[in-house]
Amino acid sequence: MKEQEKRFPEDYYNIDKEGMYIYIRDFPLYLREAYLNSSWIQLKINPRNIVIAGMGGSGISGEILKDYLKSNRIINIHGYHINDVTKEDLVVIISYSGNTEEAISCFKEAVNKAGEVIVITSNGRLSRLAKEYRVKVVEVKQGLQPRAALPFLFIPLLVIAERAGLISNIEEELMNAIDILSKRDLKSNAIALSEKLLDKKVVIYGTPLMRSVAYRWKTQLNENAKHAAFFHFLPEANHNELEAFNSMKDMVLIILSSEREEHRIRKRAELTRKHASKYLQVIGLHSKDPELLGILSMIQLGDYVSYYLALRKEIDPSPVEIIESFKKELGPYV
Ligand code: PA5
């Protein structure tokens, strides 16, 4: 087919050889499935803190939980050590593959230090270690890219937080969010947005409720579209990056914000947009949804944007060969 005859996106879907599209489209269905599969989870202790250890596409679920709950009792670890955990704390080790060495290291520390340990994984060394140490495992279905498994990693955390008393009546809010999300068409907006990002480096800001969502946009643009994307969050960005807008002329700034933020934050988002617009292209995406729906909907929108950007660049969104070969280059972890 001649280049000028190609229609977007219809003629590009064959680039997506492993079917990433399905995982993005069916995000609401998977959220529901994950919730039904998590109902059995019970805790042994009534934890002071929930420490969540995981990396990349797995670890981000803990950050989303923290932003949604606005709780300092959720502590996220993206590294090898859980540090000063005590018997009053619950540690959740989250690794889709079960072979991420930072997560394995945290697991080994947690079984000695924590009051309770739960593992969320699909397989691998963590799954075997959990059996050996008789630790509870939330088993996630196999064969997905970790970032596509987000519903199956995030929802068990939400249920754990409910069992720990950090939130109540999660079912109603979640099911309402899923119902609305399943009827929402985010694709046309995503297709249009992806065109704006094509030849640009992207920076994404999130207001506090959207902080980890902005990070998810960045990581999805990196991994699905192999695209340069960076992230920052408000109000912190107002204390540094404001000074750099003048040197960001070749970038697009996306500001993710929510009507549910307090007044000063909403004002900051507007002012940031005004200031940045003097120098660079700014796209403001403001959610009017309730908190959980707003987070989930903005995640799905960003996933679609990264997907369509990948197709525009004629890149298969699923493989992450460089991440995998980097892990191999590190050598076995003992
Ligand atoms: O998206 C990815 O593939 C990565 O960010 C992985 O999630 C990360 O390397 C950690 O691997 P896992 O999720 O299997 O623990």
Side-chain angles (χ1 to χ4, degrees), residues 16-24 27 30 34 51-65 76-82 91-110 117-130 135 137-157 204 212-231 299-300 302-307 309-310 315-333:
D16 175 19
K17 301 221 165 26
E18 293 176 37
M20 180 63 84
Y21 178 76
I22 306 295
Y23 293 107
I24 300 175
F27 181 63
Y30 293 131
V51 178
I52 303 165
M55 307 302 296
S58 292
I60 193 167
S61 285
E63 298 291 350
I64 298 166
L65 184 75
N76 284 290
I77 307 283
H78 306 291
Y80 286 86
H81 304 291
I82 53 167
V91 174
V92 184
I93 308 289
I94 182 162
S95 166
Y96 181 75
S97 64
N99 289 322
T100 297
E101 62 184 61
E102 296 93 323
I104 292 169
S105 163
C106 288
F107 175 89
K108 289 180 177 167
E109 292 185 3
V117 181
I118 298 179
V119 167
I120 304 177
T121 190
S122 74
N123 201 355
R125 234 170 115 184
L126 264 176
S127 173
R128 293 192 290 280
L129 278 168
V135 158
V137 183
V138 178
E139 282 180 23
V140 179
K141 67 164 87 173
Q142 297 184 5
L144 281 67
Q145 286 291 333
R147 58 195 185 281
L150 184 97
F152 302 104
L153 304 171
F154 170 66
I155 294 295
L157 289 181
I204 306 119
S212 49
V213 181
Y215 187 60
R216 168 80 174 180
W217 275 60
K218 171 229 160 11
T219 58
Q220 290 290 78
L221 288 169
N222 295 155
E223 292 184 59
N224 287 345
K226 293 25 171 187
H227 204 75
F230 308 90
F231 124 105
I299 288 175
Q300 194 184 18
D303 286 4
Y304 268 132
V305 171
S306 68
Y307 178 81
L309 184 58
I315 289 171
D316 184 346
S318 295
V320 280
E321 284 159 13
I322 301 175
I323 295 176
E324 275 161 21
S325 74
F326 185 91
K327 287 180 183 176
K328 284 201 186 101
E329 208 178 325
L330 269 171
Y333 178 66

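Read the numbers this way: they start at 1 and go in the same order the structure lists the ligands and their atoms.
Atom 13 (O) of ligand 1 has S58 OG, 2.5 Å as its closest protein atom, hydrogens excluded (heavy atom only). Atom 14 (O) of ligand 1 has its closest protein heavy atom at S97 OG, 2.6 Å. Of all protein heavy atoms, the one lying nearest to atom 8 (C) of ligand 1 is K327 NZ, 3.7 Å.
The residue among T100, T219, L144 with a heavy atom at the shortest distance from atom 12 (P) of ligand 1 is T100. When E102, E223, M55 are ranked by how near their heavy atoms come to atom 4 (C) of ligand 1, first place goes to E223.
Of all non-hydrogen atoms in A130 and V119, the two that sit nearest each other are CB-CG2, 4.1 Å.
Annotation: G57 places an N or O atom under 3.5 Å from an N or O atom of ligand 1; distance criterion only. Residue-to-ligand polar distances keep Q145 apart from ligand 1: every N/O pair is separated by 3.5 Å or more.
With 3.5 Å as the limit, one finds a donor-acceptor pair spanning the side chains of Y80 and E101.
Rounded to the nearest 0.5 Å, atoms CD1 (I24) and OH (Y21) are 9.0 Å apart. We find the CD1-CD1 distance between I52 and I118 to be 10.5 Å, quoted to the nearest 0.5 Å. Note that CD1 of I120 is 12.5 Å distant from CZ of F152, once rounded to the nearest 0.5 Å.
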Requested in this report: Dump the intermediate steps for side chain to side chain donor-acceptor pair (under 3.5 Å) on D16 and Y307, then the final yes or no.
Outcome: CA-CA 9 Å; D16 175 19; Y307 178 81; 2.8 Å; yes
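The side-chain heavy atoms of L126 and I104, taken from C-beta on, include a pair separated by under 4.5 Å.
Within the 4.0 Å heavy-atom criterion, both parts of S95, backbone and side chain, lie near ligand 1.
Atoms of ligand 1 lying under 4.0 Å from any heavy atom of G56, numbered from 1 in the order shown and given with element: 5 (O), 7 (O).
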